[in-house]
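Predicted model, so just to flag it, every value in this text is computed and none were measured. Below, each value reflects all heavy atoms present in this structure, side chains not excepted, and no hydrogens, waters or symmetry copies.
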Amino acid sequence: MSGLSVEVSENGHTSLPDASYAYDETEDFAKLDHKPRLLSLENRQRSLDERSLSEFSHISPNLTSQTENISRLADHLENMFATSRRSGFNTPRSGLSTPRSYAAGFEPHPIVGEAWEALRRSLVYFRGQPVGTIAALDNSEEKLNYDQVFVRDFVPSALAFLMNGEPEIVKNFLLKTLRLQSWEKKIDRFQLGEGVMPASFKVFHDPVRNHETLIADFGESAIGRVAPVDSGFWWIILLRAYTKSTGDSTLAEMPECQKGMRLILSLCLSEGFDTFPTLLCADGCSMIDRRMGVYGYPIEIQTLFFMALRSAQVLLKHDDEGKEFIERIVKRLHALSYHMRAYYWLDFKQLNDIYRYKTEEYSHTAVNKFNVMPDSLPEWVFDFMPNRGGYFIGNVGPANMDVRWFCLGNCIAILSSLATSEQSTAIMDLIEERWEELVGEMPVKVCYPAIESHEWRIVTGCDPKNTRWSYHNGGSWPVLLWLLTAACIKTGRPQIARRAIALAESRLLKDNWPEYYDGKLGRYIGKQARKFQTWSIAGYLVAKMMLEDPSHLGMVALEEDKQMKPVLKRSVSWTI
């Protein structure tokens, strides 16, 4: 976790020498407090049912007819998800420990009610309104910044509330973080970009004045003093999820939200010296927020970047300013999809080709475009790579090919349709083929494999928290369960998700919802893991609700853009 404790006076100027940022919301968004046009339960369910067919129409890449595909999907969902009409909007609301539909004869897993109660205990209120959930409710450990609302951490909580028909919490969060974005952000006399979203915020209560203020973190108090690149992307993705779930477009159409999106896009679409369409990033700017050798062009940031661009493309208004950004988005998406599908993809054929690369090639005819030394390929990858399957590797740059597996990046590649249908299928094939390595006894490995010994000392700086098979270094994170489940549903492989969820249900509650697990198989509660970690709780609930009602997938999944030419199949050479 990363955090910043910064306070700002009501006029927007910093009042403390450490440049902390606070938000005193005097106006409290009075002019922005539009009520969403929520659909009735019956109409909303029907809308989701209709939407699910269109959004799952490409679920099987081997079908030649889209009509046949939809028909097959309808049969598949009818058979595999018989409970789908009983979920989503009938999950427990505030004050209920058991969904109303379950009381009618369908029994949920015993830990569902416990999970909802724990999630509600984590809610944070600002001036009487819920505005997010804290990172963890573990009173046995020093709080550090786990008592704050993190943008990335709140996403699974937000999805759970949206699926449960409680959009106001999500709306409040989106508006509060949007207002925080507008503050001047100075760290050590250096001003951050105007569009930077906070990593987190907390509510400060002044008992003397009986007054509440939001205090934001933009990176100054973070372990490595790195601003979050992913917060802005998650914010746009969540805004689309809110719009998709509620059918209410007025929030996204507000001038303030439109400006917030444009500010984020201005940062990541700016022109510079880079020759790649990928986004150059520092170590520690994403979920892996400590030094782990993911600087440069890490897969997580590139896939989130891609998904945020596609979400913004839908949400931006077609006025003069919006059209300009949409044009820039379209150009970047074409370049980014080509680059990622061509240079980040690895399967058995690609690995064999790289193994035979020549080096020191010059000019546009070069095959080894990044001058990667074949001897730099680690030995483990040759045994890890199955004949059937493939994945997007962790990083690509000059003489750098990080072939580690990263779960979040690969799942987002599937959900955003950055991965082609063939590549999505191959990723799921890999997970099945390498189940013990990537899932083990607790879903899911954040990355594989762990780095250790001399390499660990160099790459992590001897980080005692990121020792082998722990935390970010090959640890198992239950929050990733919702991403895995969504990817499984989108690719027509729900049985994989059910198997993973069953593993999680066997331990999560009795272990008090840990942040992460340690060991090659994820058998041990993490040595420094917080208990009652909110996104572990929410990730489980979201995974469970999506399996029961696959139409929820529409919030977090995008159809393939037919105008984006796939160009390369997953087993072709890098030669252009």
Side-chain angles (χ1 to χ4, degrees), residues 152 155 195 197 226-237 240 264-289 292-313 328-346 350 369-370 372 390-398 400-420 423-424 426-427 446-447 472 480 483 486-487 556-558 560-561 564 566-568 570 574:
R152 77 172 68 97
V155 170
M197 280 286 183
V226 178
V229 174
D230 62 340
S231 287
F233 298 153
W234 279 123
W235 188 89
I236 294 175
I237 292 166
R240 178 193 170 273
I264 294 169
L265 294 170
S266 293
L267 281 177
C268 56
L269 291 175
S270 60
E271 297 173 347
F273 290 98
D274 212 327
T275 58
F276 310 145
T278 41
L279 201 60
L280 184 61
C281 302
D283 230 342
C285 64
S286 61
M287 177 185 173
I288 297 178
D289 57 6
M292 268 290 291
V294 295
Y295 56 87
Y297 308 92
I299 182 68
E300 177 178 332
I301 292 298
Q302 311 315 320
T303 55
L304 285 172
F305 179 30
F306 184 87
M307 191 165 190
L309 288 178
R310 292 204 62 198
S311 298
Q313 187 179 9
R328 294 169 65 185
I329 286 171
V330 170
K331 290 179 181 178
R332 191 62 167 264
L333 283 173
H334 279 268
L336 185 59
S337 62
Y338 178 84
H339 185 91
M340 298 295 294
R341 292 169 180 176
Y343 304 128
Y344 276 70
W345 183 252
L346 191 67
Q350 291 280 64
K369 292 183 178 297
F370 301 101
V372 172
Y391 63 102
F392 289 99
I393 62 176
N395 219 322
V396 174
N400 173 39
M401 183 175 287
D402 182 351
V403 295
R404 283 178 293 175
W405 150 272
F406 289 88
C407 178
L408 192 151
N410 277 273
C411 287
I412 293 292
I414 291 174
L415 296 177
S416 66
S417 289
L418 171 61
T420 65
Q423 288 171 336
S424 296
I427 292 169
V446 66
C447 70
H472 299 136
L480 297 172
L483 286 155
V556 293
L558 294 159
E560 186 175 356
D561 186 345
M564 233 174 279
V567 181
L568 294 176
R570 65 186 175 95
W574 284 21

With the side chain counted from C-beta on, respond yes when H339 and T278 share a heavy-atom pair under 4.5 Å apart, and no when they do not. yes

Apply side chain to side chain contact (heavy atoms under 4.5 Å, CB included) to the pair L408 and L480, showing each step before the final yes or no. CA-CA 7 Å; L408 192 151; L480 297 172; 4.3 Å; yes

Hey, is the main chain of C285 close enough, under 3.5 Å, to the side chain of D289 for a donor-acceptor pair? no

Chi angles and distances behind the side chain to side chain contact (heavy atoms under 4.5 Å, CB included) call for Y295, L280: CA-CA 8 Å; Y295 56 87; L280 184 61; over 6 Å; no

Please check this pair: side chain of D283 against backbone of V294, looking for a donor-acceptor N/O pair closer than 3.5 Å. yes

For residues S337 and L418, report the shortest heavy-atom separation together with the two atoms involved. CA-CD1, 3.8 Å

Going by ring pair (Phe, Tyr, Trp, His ring centres under 6.0 Å), name the residues that satisfy it together with F392, two or more places apart in sequence or in a different chain. W345

R332 (side chain) donor-acceptor with P277 (main chain) under 3.5 angstrom: yes

Is the backbone of S286 close enough, under 3.5 Å, to the side chain of E300 for a donor and an acceptor to pair up by distance? no

Specify the closest pair of heavy atoms between I299 and G409, including all atoms of both residues, with the distance to one decimal. CG1-CA, 3.9 Å

To the nearest 0.5 Å, tell me how far C407 SG sits from Y391 OH. 13.5 Å

Of all heavy-atom pairs between C268 and L279, which one has the smallest distance, and what is that distance? O-CD1, 3.5 Å

For a quick test of reading the model, state the closest non-hydrogen atom pair linking M287 to H472 and the distance between them. O-NE2, 3.2 Å

Could you give the distance from CD1 (I414) to CG (L558), rounded to the nearest 0.5 Å? 13.5 Å

Return the CZ to SG distance between F406 and C411, rounded to the nearest 0.5 Å. 13.5 Å

Would V396 and M340 count as a side chain to side chain contact (heavy atoms under 4.5 Å, CB included) here? Give the steps. CA-CA 9 Å; V396 174; M340 298 295 294; over 6 Å; no

Going through the distances and angles, do Y344 and Y297 end up as a side chain to side chain contact (heavy atoms under 4.5 Å, CB included)? CA-CA 10 Å; Y344 276 70; Y297 308 92; 3.1 Å; yes

Would you name the heavy atoms of L267 and G195 that are closest together and state the gap between them? CD1-C, 3.6 Å

Any donor-acceptor pair under 3.5 Å linking the side chain of S231 with the backbone of P228? no

I need the minimum non-hydrogen distance between F305 and L269, along with the two atoms involved. CZ-CD2, 4.2 Å

Donor-acceptor pair, distance only, cut-off 3.5 Å: does the side chain of D230 make one with the backbone of R152? no

Quick one: are the ring centres of F276 and F370 less than 6.0 Å apart? yes

With side chains defined as the heavy atoms from C-beta onward, is the minimum distance between L415 and L483 less than 4.5 Å? yes

Who pairs with D402 by side-chain hydrogen bond (donor to acceptor under 3.5 Å, both in side chains), at least two apart in sequence or on another chain? R404

Between atom CD1 of I237 and atom CD1 of I412, what is the distance when rounded to the nearest 0.5 Å? 6.0 Å

Side-chain donor/acceptor of R310 to backbone N/O of S416, under 3.5 Å: yes

